[in-house]
Amino acid sequence: MVAAMRACWGPDPVAYDGTFTQIAESEINPKPVQARVPILLGAMTPAGVRRAARIADGLNPVALSHDMLTGLAKTFRGAVAEAGRDPESVTVVARANVPLTADALGDDRPFLGGSPRQIAGDLAGLEGAGIDHVLFSSFGQDTPGGQIGLDRALDLYAELIDLVRG
């Protein structure tokens, strides 16, 4: 599907004959504005990481732990090199599905979750580990069972940014 999508985004006439997808010579529009649309594959298994290394521009794993995430990034970049591609030409965007809280969480908190200060510490531990970006999908827990509002979440992210840049 990735090859078929890239064919569709290329110059007309488009034609593609793959194992599972065939596109008869045709005009397909509108085309993307940028010359190449980057494709990141979400993968966490060895086979998925190798597939991403062969066909994608990046990897988008869920960040479950520091060791798991940095290991996946290292494995991905190694597989990119084995596929004859430049490991510096790809990106790793970790997804953190974690709580964002005003107060620090306990020792059992999830990796990249908790207060801005706790998250900043986790991010500092990723320096030089091949993680290019972290995408936060946070849910707040300022009150038991309650969600924080958008304004409070933005304040907490601003605090996190200040801590990381600090």
Side-chain angles (χ1 to χ4, degrees), residues 1-100 110-113 116 119-139 150 153-154 156-166:
M1 292 308 299
V2 170
M5 289 171 29
R6 286 192 169 139
C8 290
W9 296 334
D12 289 321
V14 171
Y16 181 80
D17 186 22
T19 304
F20 302 105
T21 306
Q22 293 78 39
I23 301 171
E25 192 170 295
S26 54
E27 261 188 53
I28 299 177
N29 288 297
K31 302 292 186 189
V33 173
Q34 63 266 51
R36 181 172 170 91
V37 176
I39 295 177
L40 279 65
L41 293 185
M44 296 177 63
T45 65
V49 170
R50 286 191 305 274
R51 182 181 314 106
R54 285 192 318 272
I55 67 171
D57 302 302
L59 183 68
N60 182 220
V62 176
L64 298 177
S65 74
H66 176 275
D67 292 344
M68 183 273 320
L69 181 59
T70 56
L72 281 174
K74 182 178 179 181
T75 299
F76 174 64
R77 292 187 190 279
V80 167
E82 287 174 17
R85 301 173 60 204
D86 178 8
E88 296 301 314
S89 71
V90 297
T91 189
V92 176
V93 180
R95 182 175 177 95
N97 302 324
V98 294
L100 170 65
F111 177 62
L112 293 170
I119 296 169
D122 289 345
L123 290 171
L126 293 176
E127 283 292 321
I131 312 302
D132 300 296
H133 305 282
V134 176
L135 170 66
F136 287 93
S137 177
S138 298
F139 49 94
L150 179 59
L154 292 174
L156 291 171
Y157 278 121
E159 183 181 339
L160 174 60
I161 290 167
D162 288 344
L163 289 166
V164 170
R165 289 184 177 160

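Nearest heavy-atom pair, A52 versus L41, reported as atom, atom and distance to 0.1 Å: CA-CD1, 3.8 Å. When all heavy atoms are compared, the tightest approach of L112 to A63 is CD1-CB, 3.7 Å. Taking every heavy atom of both residues into account, A153 and L100 meet most closely at O-CD2, 3.9 Å. When all heavy atoms of P110 and D122 are compared, the pair lying nearest together is O-OD2, 4.4 Å. The heavy-atom pair separating S89 from D86 by the smallest distance is OG-O, 2.6 Å.
Side-chain contact between R6 and R36 is present, with at least one heavy-atom pair separated by less than 4.5 Å. Looking at F136 and I119, their side chains come closer than 4.5 Å, going by heavy atoms from C-beta outward. For the pair S137 and R95, the minimum side-chain heavy-atom distance is below 4.5 Å. V37 places none of its side-chain heavy atoms less than 4.5 Å from the side chain of M5.
Considering I39, T21, I55 as possible partners of M1, the one that fulfils the side chain to side chain contact (heavy atoms under 4.5 Å, CB included) test is T21.
Side-chain N or O atoms of E127 include none that pairs as donor or acceptor with a backbone N or O of L123 at under 3.5 Å. A donor-acceptor pair is defined here as one N or O able to donate and one able to accept, closer than 3.5 Å; such a pair exists between the side chain of N60 and the backbone of V93.
For E88, the CD atom counts as loosely surrounded, since its 6.0 Å shell holds 12 or fewer non-hydrogen atoms of other residues, nucleotides or ligands.
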(request) Begin with the C-alpha distance, continue with both residues' side-chain angles, and end with the deciding distance and a verdict on side-chain contact (heavy atoms from CB on, under 4.5 Å) for M68 and M44. (result) CA-CA 9 Å; M68 183 273 320; M44 296 177 63; 3.7 Å; yes
(message) Applying side-chain contact (heavy atoms from CB on, under 4.5 Å) to L40 and T91, what does each step give before you reach the verdict?
(response) CA-CA 8 Å; L40 279 65; T91 189; 4.2 Å; yes
(request) Please lay out, stage by stage, how T45 and V49 fare under the test side-chain contact (heavy atoms from CB on, under 4.5 Å). (result) CA-CA 6 Å; T45 65; V49 170; over 6 Å; no
(request) Evaluate the criterion side-chain contact (heavy atoms from CB on, under 4.5 Å) for residue pair L126 and F111; output intermediate values, then yes/no. (result) CA-CA 11 Å; L126 293 176; F111 177 62; 4.0 Å; yes
Which side-chain N or O atoms in residues 69-82 pair as donor and acceptor under 3.5 Å with protein atoms at least two apart or in another chain?
{"residue": "T70", "atom": "OG1", "partner": "H66", "partner atom": "O", "Å": "2.9"}
{"residue": "T70", "atom": "OG1", "partner": "D67", "partner atom": "O", "Å": "3.3"}
{"residue": "T75", "atom": "OG1", "partner": "G71", "partner atom": "O", "Å": "2.9"}
{"residue": "R77", "atom": "NE", "partner": "G130", "partner atom": "O", "Å": "3.4"}
{"residue": "R77", "atom": "NH1", "partner": "P87", "partner atom": "O", "Å": "2.8"}
{"residue": "R77", "atom": "NH1", "partner": "V90", "partner atom": "O", "Å": "3.4"}
{"residue": "R77", "atom": "NH2", "partner": "G130", "partner atom": "O", "Å": "2.9"}
{"residue": "R77", "atom": "NH2", "partner": "D132", "partner atom": "OD2", "Å": "2.6"}

Compile the donor-acceptor pairs under 3.5 Å between side chains in residues 158-166 and protein atoms, sequence neighbours left out, one pair per line.
none

Donor-acceptor pairs under 3.5 angstrom involving side-chain atoms of residues 28-35: please list them, not counting sequence neighbours.
{"residue": "N29", "atom": "ND2", "partner": "D12", "partner atom": "OD2", "Å": "3.4"}
{"residue": "K31", "atom": "NZ", "partner": "C8", "partner atom": "O", "Å": "2.6"}
{"residue": "K31", "atom": "NZ", "partner": "G10", "partner atom": "O", "Å": "2.7"}
{"residue": "K31", "atom": "NZ", "partner": "D12", "partner atom": "OD1", "Å": "3.0"}
{"residue": "K31", "atom": "NZ", "partner": "I28", "partner atom": "O", "Å": "2.8"}

